[in-house]
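Taking it in order: structure first as C-alpha cells, then the write-up.
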Amino acid sequence: MEHTDALGTVLHVAGADLMSGTAILDIKPYLPFADSAPDAAAGDYTARREQPPLEVKIPPQVACLFDEKQLAALREVLAFDPRPGYHDDPQRQYGFAYGGYDIHFTVSGGTVSVTEAVERKE
C-alpha cells in the first residue's frame, strides 16, 4: 500500500485471478482466527479479544428438519455468530440460507435463538 498525491491511498494486488483493470469491490482485513496463514497478525481494524461461542437455542420444530450431522453443523455456525461484526441489536432478526431453508435468528446477550426455518423456493 502506498499514498500518492494524484490517487490517494493505492493498494497493490498481486496473485489474484483477475483481468488487468478489474475492479475489486470488497476488500476485507485478514482475520487470523478465520483465515489460514498461521503467522499473520491482525491489523488494528480487527484486533480484538476472541469471543466465546454463543449458546444456541433451536426449537424442536426446526431441529427436526435436519439430520444429526446437519444439526451439529448448524449449531456450530450459529455459535460463532454469523451476524455482521458491527450489528448488536437484540430486537433484529437475522437470517441465512442453510440446507434448503432460510434460517432466521436473533441474538441477545450470549445466546442465539433460532426463530424459524422457511423452506427456500428455488
Side-chain angles (χ1 to χ4, degrees):
M1 191 171 353
E2 68 178 299
H3 183 81
T4 69
D5 290 334
L7 299 173
T9 301
V10 176
L11 177 64
H12 297 276
V13 178
D17 186 11
L18 302 170
M19 296 283 298
S20 181
T22 299
I24 300 174
L25 303 176
D26 194 14
I27 303 216
K28 293 183 172 54
Y30 176 78
L31 301 172
F33 61 86
D35 294 321
S36 64
D39 295 333
D44 292 338
Y45 178 76
T46 61
R48 61 182 167 118
R49 64 176 179 79
E50 289 193 28
Q51 294 179 305
L54 297 171
E55 177 186 354
V56 177
K57 293 184 177 180
I58 301 176
Q61 67 269 25
V62 173
C64 72
L65 300 171
F66 304 101
D67 66 32
E68 287 184 36
K69 189 175 179 179
Q70 291 171 316
L71 190 56
L74 178 58
R75 286 184 180 285
E76 187 172 357
V77 167
L78 290 166
F80 286 103
D81 199 352
R83 298 175 299 167
Y86 53 87
H87 282 211
D88 190 21
D89 180 356
Q91 302 303 314
R92 183 170 178 165
Q93 184 165 272
Y94 301 91
F96 62 94
Y98 179 81
Y101 293 88
D102 286 325
I103 305 298
H104 299 168
F105 65 96
T106 60
V107 179
S108 182
T111 302
V112 56
S113 300
V114 173
T115 56
E116 65 179 342
V118 178
E119 191 169 5
R120 294 179 60 89
K121 306 284 190 223
E122 294 183 34

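Please read these numbers as outputs of a predicted model, since none were measured by experiment.
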Residue pair Asp88, Arg83: steps toward the side-chain contact (heavy atoms from CB on, under 4.5 Å) verdict: CA-CA 8 Å; Asp88 190 21; Arg83 298 175 299 167; 3.6 Å; yes
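- If you chain together hydrophobic residues whose side chains sit under 4.5 Å apart, Leu71 and Phe80 never meet in one group.
- Separating the CZ atom in Arg92 from the CZ atom in Phe105 is a distance of 10.0 Å, to the nearest 0.5 Å.
- For the atom pair CD (Gln91) and CG (Asp89), the distance works out to 6.5 Å, reported to the nearest 0.5 Å.
- More than 12 heavy atoms of other residues, nucleotides or ligands sit less than 6.0 Å from atom CD of Gln93.
- Atom NE2 in His104 sits 7.0 Å away from atom OG1 in Thr115 (nearest 0.5 Å).
- Tyr98 and Leu74 get closest at one heavy-atom pair: OH-N, 3.6 Å.
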Test side-chain contact (heavy atoms from CB on, under 4.5 Å) applied to Phe66 and Ile58, step by step: CA-CA 11 Å; Phe66 304 101; Ile58 301 176; over 6 Å; no
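- Applying the side chain to side chain donor-acceptor pair (under 3.5 Å) definition to pairs two or more places apart or across chains, none involves residues 59-70.
- Tyr101 and Val77 end up in the same hydrophobic cluster when Ile, Leu, Val, Met, Phe, Trp and Tyr side chains are linked at under 4.5 Å.
- Expressed to the nearest 0.5 Å, how far CG of Leu78 lies from OH of Tyr94 amounts to 13.5 Å.
- Scanning all heavy atoms of the two residues, the minimum distance from Ala117 to Ile103 falls at CB-CD1, 3.8 Å.
- Atom NE2 of residue His87 and atom CG of residue Asp81 lie 11.0 Å apart, to the nearest 0.5 angstrom.
- Here the shortest heavy-atom pairing between Gly109 and Leu54 reads O-CD2, 4.1 Å.
- When the side-chain contact (heavy atoms from CB on, under 4.5 Å) test is applied to Ser108, the partners found at least two apart in sequence or on another chain are Pro90.
- Ser113 places no side-chain N or O within donor-acceptor distance of the main-chain N or O of Lys57, the cut-off being under 3.5 Å.
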